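Every value quoted in this text rests on a predicted model; they were computed, and no experiment measured them. Naming convention: chains lettered A, B, ... in sequence-line order (proteins, then strands); numbering from 1 in each chain. Note that these values count all heavy atoms, side chains included, but never hydrogens, waters or copies made by symmetry.
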There are 2 protein chains.
Amino acid sequence: MSVEFTQIQIEPAYRKVAAAIGERILSRTLREGERLPAETELARQFGVNRSTVREALRELESRGLVQRRPGSKLMSVSRPQQASVAAGISHALLLHDVTVRDLWEALTILEPPLARAAARARTSEDLARVIAAAEALGATGDDTEQAVHRTAQMFRCLGQATHNPVLALAQEPLLQLLEPSLRVMIDKVPQARSRILTAQRHLVEALQAQDESAAETWMARHIRDFKRGYELAGIDLTLRLTAA
Amino acid sequence: MSVEFTQIQIEPAYRKVAAAIGERILSRTLREGERLPAETELARQFGVNRSTVREALRELESRGLVQRRPGSKLMSVSRPQQASVAAGISHALLLHDVTVRDLWEALTILEPPLARAAARARTSEDLARVIAAAEALGATGDDTEQAVHRTAQMFRCLGQATHNPVLALAQEPLLQLLEPSLRVMIDKVPQARSRILTAQRHLVEALQAQDESAAETWMARHIRDFKRGYELAGIDLTLRLTAA
DNA sequence: GTTGCCGGTTTGTCCGACAATCATACGATC
DNA sequence: GATCGTATGATTGTCGGACAAACCGGCAAC
């Protein structure tokens with residue numbers, strides 16, 4: 001008796017336009033760096049108003065698929081930058097009530113194997129970058145902000161050294177979420193700095209020797225230290241994370 | 001001699017508007033489900049034109065921060081849905097030339113501990129879902145599309161069972177990227193189906209018994225099987241992944 | 001070589017307009 | 001009383017046109 005109809009989807013024009021352009025980019029028909037036609041021209045080609053094209057461009061822009069290159073008015077095709085994608089992920093996770101424990105658990109899972117992969121795949125350039133990052137961290141004074149940033153930077157160098165974009169990107173939102181709590185922790189726990197330094201120094205040595213096991217082990221300790229730091233700082237692990 | 005000035009950034013109004021609204025959402029001043037004022041009203045409040053507001057809304061919309069609830073014209077605040085965030089990640093990774101090996105390596109790292117976490121944290125509802133998913137997979141006929149989809153669905157259930165949004169979200173883009181190659185593999189390698197079924201049956205049992213080690217072990221085998229399947233299917237691991 | 005100016009292009013923003021859709025209320029009909 | 005039709009107002013999607021500001025390339029001037 002009950003006749004069922006499939007949902008009818010009416011898509012506004014601006015989304016169709018965005019989809020059309022986005023598909024061309026994903027299929028690499030439009031290559032990176034290529035410049036998009038002007039808005040009026042796009043409006044002509046799609047047979048819609050310029051306002052409609054602009055709404056579509058805003059969507060593509062926020063997905064990181066198009067970008068205005070500095071010193072140019074025309075939009076050009078771009079690959080989504082790691083940091084901006086990661087920011088989207090971080091925001092999503094924040095709104096989904098991620099706890100400190102959730103974050104820490106993910107770090108526990110991801111980081112040690114990542115360090116291992118970095119020790120295996122690192123080139124000499126990667127090593128140089130890691131060493132530079134470690135030295136910068138070691139030379140940090142009392143500036144908490146800087147200490148946090150440089151600690152995260154070390155992780156990023158390791159991610160880059162894996163030469164695996166999946167791992168590097170997976171790590172980025174975790175770092176973004178980590179920073180605020182790390183800031184509190186470093187401020188409240190005096191010995192945190194030296195423990196971080198020690199762990200990261202051993203990581204550098206492991207990378208230097210391409211010793212995968214040592215890299216994995218020290219990273220595991222490093223992450224475990226974070227948890228201890230949270231406890232010492234009196235941070236409740238079941239608490240929701242807050243925005244940076 | 002060379003006087004240095006810091007870069008001056010001029011942000012267009014539509015981005016400022018988007019930032020203003022986005023910040024309110026992230027800080028939870030605007031709560032989920034709450035309805036945004038009408039476009040004309042927003043334009044009045046911000047002192048800009050409605051077109052400008054609309055461009056800002058398109059950005060927020062594509063970030064998943066606002067959404068139109070079915071049967072309502074007003075936008076309402078929403079949390080970014082896992083699938084849509086993951087789609088963004090997948091696209092980013094695709095454009096960054098991720099190889100089959102990169103993806104497989106990430107799965108190797110993430111999935112076994114995820115299965116372990118699922119075995120630890122699963123509730124009886126989670127278990128019921130996993131069992132239902134496994135039965136659906138077992139009841140799949142010759143339909144490749146369905147087999148692929150249900151295989152991925154099992155992973156999703158496990159992710160949900162961890163009760164850790166970070167893990168669940170980290171997994172999703174990997175699944176989205178996995179599906180196309182899995183399709184090819186299942187088509188070309190006859191024994192793939194039964195191997196998948198076996199592994200997933202053992203996973204269900206491990207979850208049932210809350211046997212963390214067994215869950216981890218079987219998942220590791222499961223993922224290792226994928227690699228073997230790729231080799232048998234003649235898929236070059238160093239090849240770039242393609243869009244779904 | 002640098003500077004300044006000029007014309008054409010493109011974006012950012014605005015204004016005004018209108019059809020289609022939805023919410024709501026109010027009767028009308030059975 | 002429940003369902004339906006309709007009137008009314010609010011809101012979105014889309015359109016057309018407008019204009020200042022910024023940028024580009026070229027050319028002249030210093």
Test item: [X] and [Y] side chains (from C-beta on) under 4.5 Å apart, heavy atoms:
| X | Y | result |
| --- | --- | --- |
| E61(A) | M75(A) | yes |
| Q146(B) | L137(B) | no |
| L182(B) | F226(B) | yes |
| L65(A) | I21(A) | no |

Tell me: [atom1] of [X] to [atom2] of [N], nearest whole Å?
| X | N | atom1 | atom2 | result |
| --- | --- | --- | --- | --- |
| N49(B) | dG16(C) | CG | P | 9 Å |
| I10(A) | dC22(C) | CD1 | P | 6 Å |
| L42(B) | dC14(C) | CG | P | 14 Å |
| E55(B) | dT12(D) | CD | C1' | 16 Å |
| M75(B) | dT11(D) | CE | C1' | 12 Å |
| R44(A) | dC15(D) | CZ | P | 15 Å |
| R35(B) | dT12(D) | CZ | P | 11 Å |

Item to check | Set of side-chain contact (heavy atoms from CB on, under 4.5 Å) partners for T40(B), sequence neighbours left out | outcome: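 A38(B), R50(B).
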Contacts of type side-chain hydrogen bond (donor to acceptor under 3.5 Å, both in side chains), residue [X], not counting sequence neighbours:
| X | result |
| --- | --- |
| Q67(B) | none |
| R101(B) | none |
| T151(A) | none |
| R122(B) | none |

Name each donor-acceptor pair under 3.5 Å that joins a side chain in residues 78-87 of chain B to protein atoms two or more places apart or in another chain, with its distance.
from, atom 1, to, atom 2, distance (Å)
S78(B), OG, G64(B), O, 3.0
R79(B), NE, E32(B), OE1, 3.2
R79(B), NH1, L95(A), O, 3.0
Q81(B), NE2, R79(B), O, 3.2
S84(B), OG, Q81(B), O, 3.0

Item to check | Contact list for DNA chain D against residues 13-21 of chain A - heavy-atom distance below 4.0 Å | outcome: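 Within residues 13-21 of chain A, the residues near DNA chain D are A13(A), Y14(A).
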Checklist entry - Which residue pairs pass the salt bridge (charged side-chain N to carboxylate O under 4.0 Å, His left out) test with at least one member in residues 161-177 of chain A, sequence neighbours excluded? => result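 As it turns out, the salt bridge (charged side-chain N to carboxylate O under 4.0 Å, His left out) pairs with a partner in residues 161-177 of chain A, which skip direct neighbours, are R156(A)-E172(A).
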Next on the checklist: Does anything in residues 136-151 of chain B form a salt bridge (charged side-chain N to carboxylate O under 4.0 Å, His left out)? List the pairs, not counting sequence neighbours.
Outcome noted: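 Checked against salt bridge (charged side-chain N to carboxylate O under 4.0 Å, His left out) - neighbours excluded - the pairs reaching residues 136-151 of chain B are E145(B)-R183(B).
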Next on the checklist: Check this for me, if you would: do E55(A) and R58(A) make a salt bridge, where the nitrogen-to-carboxylate-oxygen distance has to be below 4.0 angstrom?
Outcome noted: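 Salt bridge flag = no for R58(A) with E55(A).
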Next on the checklist: With a 4.0 Å limit, can you tell me whether T52(A) has a side-chain N or O closer than that to the phosphate oxygens OP1/OP2 of dG13(D)?
Outcome noted: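 T52(A) to dG13(D) OP1/OP2: no side-chain N or O under 4.0 Å.
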Checklist entry - Using a heavy-atom distance cut-off of less than 4.0 Å, which residues of residues 57-68 of chain B contact DNA chain C? => result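 None - not one residue of the stretch has a heavy atom sitting under 4.0 Å from the strand.
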Where do N or O atoms of nucleotides 7-10 of chain C meet protein N or O atoms at under 3.5 Å, pair by pair?
from, atom 1, to, atom 2, distance (Å)
dT10(C), O2, K73(A), NZ, 3.4

Between N or O atoms, less than 3.5 Å apart, protein on one side and nucleotides 17-19 of chain C on the other: list the pairs.
from, atom 1, to, atom 2, distance (Å)
dA17(C), N6, R50(B), NH2, 3.3

